[in-house]
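The structure appears below as structure tokens.
Only this structure's heavy atoms are used, side chains among them; waters, hydrogens and symmetry mates stay out.
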Amino acid sequence: MGILNVTPDSFSDGGQFADSRAAICHAREMITAGADIIDVGGESTRPGSDELSEAEEAARVLPVITALADEGQVVSVDTRHASVAKAALAAGAAIINDVSGFRVPAMVEVVAESEVGCVVMHMLGEPKSMQANPEYNDVVAEVSSYLLAQAEVLGQAGVDKQRIAIDPGPGFGKTREHNLALLRATAKMAALGYPLVAAYSRKAFIGAITGVQDAAQRLAGSVAVALWAAAQGARILRVHDVRPTVEALRVLEALGADPYGTA
Ligand code: HH2
């Protein structure tokens, strides 16, 4: 899953693809490099970010989603707003990626009324305040049970299990130790019964480990994490740097590892 942030303020690539034409070009490059899904987001949810108006978010993502879907690409929309999700589906999106984990009933309804896939992500609190001292007794157990409960909510609304993927939400109300614990538990979370999304690309804890302050330069650490996650059974890798990640996966495959957890 290649990340396409059509935003002026995303944490690692804000402003780079804010213009629709630049965004569409970047999406095409990611597809050529091996991305199967393009995840289009119009609202930065980095720690401390302010909420955006839904109209503004829709105006950012819809032209890009329309263009890519018209080209036959598989597009996911990264939104927590039902009006944006609905409009994105009408524009041809095939997946709704909700960083607030479908905690808003209107978001559940949008999925239930359609045939699309969805990514249920765990976030503790809201982006504005989520990194202010996040605490868990057992982060893996708590995140896992939240994800299963939200998948159950979707199931109760009539969404087939096959349409649901889960994501522990690295950096969304998690310290570096929480992120590492979740990453170490990838195999356990991959066994919960839903395809697991690994979305660690360029995140701050990688910078904290490697000493790389500039998020856009966190490639090596991000690829290392992606390989680990793939080898442990993650099924969808949400990444900024598609080509190097795909090349690394090819090597993993050649070694006989099972990067897609299909064994
Ligand atoms: N992280 C971000 C955005 N969307 N979706 C899922 N499923 N999982 C994630 O961990 C996730 C996500 C934040 O990263 P990014 O899109 O690069 O930045 P920003 O929110 O600043 O636009």
Side-chain angles (χ1 to χ4, degrees), residues 1-7 10-11 37-47 49-54 56-58 60-62 64-65 74-128 130 142-174 182 189 192 194-201 203 234-238:
M1 175 186 274
I3 300 170
L4 190 61
N5 286 320
V6 193
T7 59
S10 285
F11 79 94
I37 303 167
I38 301 298
D39 188 38
V40 182
E43 178 197 33
S44 173
T45 46
R46 73 191 185 287
S49 56
D50 284 315
E51 231 180 300
L52 183 74
S53 89
E54 297 183 26
E56 175 70 16
E57 186 188 349
R60 290 180 186 176
V61 296
L62 292 180
V64 178
I65 294 172
V74 179
V75 177
S76 93
V77 59
D78 183 346
T79 186
R80 44 196 182 131
H81 300 120
S83 68
V84 178
K86 211 169 181 165
L89 297 192
I95 300 168
I96 299 173
N97 172 24
D98 181 5
V99 299
S100 57
F102 295 91
R103 52 173 100 145
V104 175
M107 282 293 273
V108 175
E109 266 169 48
V110 177
V111 184
E113 285 166 1
S114 70
E115 299 288 315
V116 297
C118 57
V119 178
V120 181
M121 197 199 83
H122 175 275
M123 169 165 63
L124 190 68
E126 297 295 329
K128 192 91 188 139
M130 66 193 177
E142 286 168 48
V143 168
S144 299
S145 65
Y146 174 87
L147 293 173
L148 290 175
Q150 292 308 102
E152 183 62 29
V153 168
L154 285 157
Q156 297 276 330
V159 179
D160 195 277
K161 200 176 166 184
Q162 309 285 335
R163 293 165 52 195
I164 304 172
I166 57 171
D167 179 346
F172 285 82
K174 281 128 197 149
L182 289 164
M189 300 194 77
L192 290 174
Y194 297 89
L196 183 69
V197 178
Y200 296 88
S201 182
K203 290 209 169 152
R235 294 287 300 278
I236 299 173
L237 305 176
R238 181 183 183 276

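For the atom pair NE2 (H122) and OG (S100), the distance works out to 11.5 Å, reported to the nearest 0.5 Å. Atom OH of Y200 is separated from atom CG of L182 by 5.0 Å, given to the nearest 0.5 angstrom. Taking CG of D78 as the start and CD1 of I3 as the end, the distance is 8.5 Å to the nearest 0.5 Å. Interatomic distance, D98 CG to S76 OG, rounded to the nearest 0.5 Å: 11.5 Å. Rounded to the nearest 0.5 angstrom, I37 CD1 and L237 CG are separated by 10.0 Å.
Residues T45 and M130 share a closest heavy-atom pair of O-CE, 3.5 Å. Considering every non-hydrogen atom in both A85 and M107, the closest pair reads CB-SD, 4.0 Å. Contact detail for A165 and V197: the closest heavy-atom pair is CB-CG2, 4.0 Å. Scanning all heavy atoms of the two residues, the minimum distance from A199 to P170 falls at O-CG, 3.2 Å. Contact record, S49 with S44: OG-O, 3.1 Å, taken as the closest heavy-atom pair. Nearest heavy atom pair, residue G41 against residue T7, reads O-CG2, 3.8 Å.
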E142 and K174: CA distance, side-chain angles, deciding distance, salt bridge (Lys or Arg N to Asp or Glu O under 4.0 Å) verdict = CA-CA 12 Å; E142 286 168 48; K174 281 128 197 149; over 6 Å; no
Let me see the working for K203 and F172 under side-chain contact (heavy atoms from CB on, under 4.5 Å), right down to the final yes or no.
-> CA-CA 10 Å; K203 290 209 169 152; F172 285 82; 3.6 Å; yes
Give the intermediate values and the outcome of salt bridge (Lys or Arg N to Asp or Glu O under 4.0 Å) for residues R80 and E57.
-> CA-CA 10 Å; R80 44 196 182 131; E57 186 188 349; over 6 Å; no
Report the C-alpha distance between I96 and V77 in whole Å, list the side-chain angles of each, state the deciding distance to 0.1 Å, and finish with yes or no for side-chain contact (heavy atoms from CB on, under 4.5 Å).
-> CA-CA 5 Å; I96 299 173; V77 59; 4.2 Å; yes
Let me see the working for R163 and L154 under side-chain contact (heavy atoms from CB on, under 4.5 Å), right down to the final yes or no.
-> CA-CA 10 Å; R163 293 165 52 195; L154 285 157; over 6 Å; no
Checking side-chain contact (heavy atoms from CB on, under 4.5 Å) for the pair I166/M189: CA distance, chi angles, key distance, verdict?
-> CA-CA 9 Å; I166 57 171; M189 300 194 77; 5.5 Å; no
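In summary, E54 and K86 do not engage in a salt bridge, as defined by a charged side-chain N under 4.0 Å from a carboxylate O.
Partners of E51 under the salt bridge (Lys or Arg N to Asp or Glu O under 4.0 Å) rule, at least two apart in sequence or in another chain, do not exist in this structure. Annotation: side chain to side chain contact (heavy atoms under 4.5 Å, CB included) contacts of E109 (sequence neighbours excluded): E113.
Between V99 and E43, the closest side-chain pair of non-hydrogen atoms is not below 4.5 Å.
Just one residue in the list D39, D167, T79 forms a side chain to side chain donor-acceptor pair (under 3.5 Å) with N97, and that residue is D39.
R235 places no side-chain N or O within 3.5 Å of a backbone atom of L196 that could act as its donor or acceptor partner.
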